[in-house]
Amino acid sequence: MLNFIIGVKGSGKTAKAHEILGKSVKNGEKAMLIVPKQFTFQSDKRILELLGPRLACEVEVLSFSRLASVVLQTYGGITAPIAKQGARSILMSLAVESLTEKLNVFSRHKNEIALVSKMLDTLDEMKKEGITLEEFEKSIQNIDDNLLKAKARETALILRAYDAVVTQNYFDDADLLSFVAESLKGKDFFKDKTVVFDGFAYFTKPEIDIILTAMKTAKEVYITLCSDSIDTH
């Protein structure tokens, strides 16, 4: 069942979430807290202070990236080396270089690291929103502005080249959460657990898919939401 803990900033949403987790482990149930990466240490510390060493160990405190690592360790599935940010920049540079004769709008910037960074940022945003390259290419047809359409076409060309380079020998790190979301379907990873998602301003498409999977098998799922005002009517 999906539950929401809603309140204004500083109203005690996190404290309530920790209270729920504490009750679960005290009853001998499994519990998991998923927070943004920068909050994992702080959350671990708070859980320890609230429950003490023995019970705190019963609460899994994870970020989505750590969750991905645990899922891969549990179920496997990726055999190729994972291309992290440094490797991705090199591979994107190779993709741009392979298109030297085909670029017009971006021809002046083909040797600049800024173009590589921009292409990676664009690709990452697409993956976060669950937009496929095919959908992006199709949407270009609806652009009226000629310059914008040309930029979009060359962007699609570069991203296609990047995908071709990566899939030869690597697994793109930007695809990791999508892969994990798919891997979790039909698995009992969240089974009978109380799962809390706390501290997020928004969720990406792969993260939402993971939450939907948790809802199917977890005992309870809680999401904290910050609101400037709450209309009770």
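Nearest heavy-atom pair across Ser63 and Pro36 is CB-C, 4.4 Å. The two residues Val116 and Ser93 have their closest heavy-atom pair at CG2-OG, 3.4 Å. Between Asp163 and Thr167, the shortest heavy-atom distance links the atoms O-OG1, 2.8 Å.
With contacts defined as side-chain heavy-atom distances shorter than 4.5 Å, the pair Val71/Thr74 does not qualify. Under the 4.5 Å side-chain criterion, counting only non-hydrogen atoms from C-beta, Phe106 is not in contact with Leu99. Between Leu176 and Leu72 the shortest side-chain heavy-atom distance falls below 4.5 Å. Using a 4.5 Å heavy-atom threshold, the side chains of Ile34 and Ile211 count as separate. In this structure, Lys205 and Glu129 have side chains that are not in contact, with every pair of non-hydrogen atoms separated by 4.5 Å or more. Gln85 is listed as a side-chain neighbour of Leu120, based on a closest heavy-atom distance under 4.5 Å. Side-chain contact between Ile223 and Leu2 is present, with at least one heavy-atom pair separated by less than 4.5 Å. For the pair Lys13 and Cys226, the minimum side-chain heavy-atom distance is below 4.5 Å.
Expressed to the nearest 0.5 Å, how far CG of Leu123 lies from CD1 of Ile131 amounts to 11.0 Å. Atom OG of Ser43 and atom CG of Leu48 lie 12.5 Å apart (nearest 0.5 Å). Interatomic distance, Leu184 CG to Thr217 OG1, rounded to the nearest 0.5 Å: 8.5 Å. Note that CZ of Phe197 and CG of Leu225 are 12.0 Å apart. Values are rounded to the nearest 0.5 Å.
Using a 30° and 60° split on the angle between ring planes, Phe203 and Phe64 fall in the perpendicular class, above 60°.
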Report task. Evaluate the criterion side-chain contact (heavy atoms from CB on, under 4.5 Å) for residue pair Thr14 and Thr224; output intermediate values, then yes/no. Result -> CA-CA 7 Å; Thr14 292; Thr224 63; 5.6 Å; no
Report the C-alpha distance between Glu29 and Thr194 in whole Å, list the side-chain angles of each, state the deciding distance to 0.1 Å, and finish with yes or no for side-chain contact (heavy atoms from CB on, under 4.5 Å). CA-CA 8 Å; Glu29 301 169 355; Thr194 294; 4.2 Å; yes
Practice task
Go through the steps to decide whether Phe179 and Asp175 satisfy the test side-chain contact (heavy atoms from CB on, under 4.5 Å), and finish with yes or no.
Solution key: CA-CA 6 Å; Phe179 178 85; Asp175 290 319; 5.6 Å; no
Using the rule given for side-chain contact (heavy atoms from CB on, under 4.5 Å), can you reason through Phe189 versus Val195, listing the C-alpha separation, both sets of side-chain angles and the distance that settles it, and then say yes or no? CA-CA 11 Å; Phe189 185 80; Val195 184; over 6 Å; no
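When the side chains of ILVMFWY residues are joined at heavy-atom separations under 4.5 Å, either directly or via intervening members, Phe171 and Leu159 end up in two distinct hydrophobic clusters. Met92 and Leu115 end up in the same hydrophobic cluster when Ile, Leu, Val, Met, Phe, Trp and Tyr side chains are linked at under 4.5 Å. Linking Ile, Leu, Val, Met, Phe, Trp and Tyr residues whenever their side-chain heavy atoms come within less than 4.5 Å leaves Val180 and Met126 in two separate clusters. Both Met119 and Ile140 sit in one connected hydrophobic cluster of ILVMFWY residues. Membership requires side-chain heavy atoms under 4.5 Å apart, directly or through other members. By the rule that hydrophobic residues join a cluster once side-chain heavy atoms approach within less than 4.5 Å of another member, Leu212 and Leu177 end up as members of one cluster.
Tyr75 OH: more than 12 foreign heavy atoms inside a 6.0 Å radius. For Asp145, the CG atom sits in a packed shell: over 12 heavy atoms of surrounding residues, nucleotides or ligands are nearer than 6.0 Å. Within a 6.0 Å radius of CZ in Phe136, other residues, nucleotides and ligands contribute more than 12 heavy atoms.
With hydrogens and angles disregarded, no donor-acceptor distance shorter than 3.5 Å links the side chain of Asp188 to the backbone of Lys191. Glu154 contributes a side-chain N or O that, together with a main-chain N or O of Asn104, makes up a donor-acceptor pair within less than 3.5 Å. Panel note: side chain Lys149, backbone Ile143; a donor-acceptor pair is recorded below 3.5 Å.
Listed by chain and number, the hydrophobic cluster partners of Val196 are Ile5, Ile20, Leu21, Val25, Leu33, Val35, Phe39, Ile47, Leu50, Leu51, Leu55, Val59, Val61, Tyr222, where partners are ILVMFWY side chains within reach of under 4.5 Å, directly or through others.
Remark: Asp173 engages Lys84 in a salt bridge, criterion side-chain N to carboxylate O under 4.0 Å. A salt bridge links Glu19 to Lys23: one of the charged nitrogens lies within less than 4.0 Å of a carboxylate oxygen. Glu182 and Lys187 are not joined by a salt bridge, as no carboxylate oxygen comes within less than 4.0 angstrom of a charged side-chain nitrogen. One finds no salt bridge joining Asp198 and Arg46 here, because no Lys/Arg side-chain nitrogen approaches an Asp/Glu carboxylate oxygen to under 4.0 Å.
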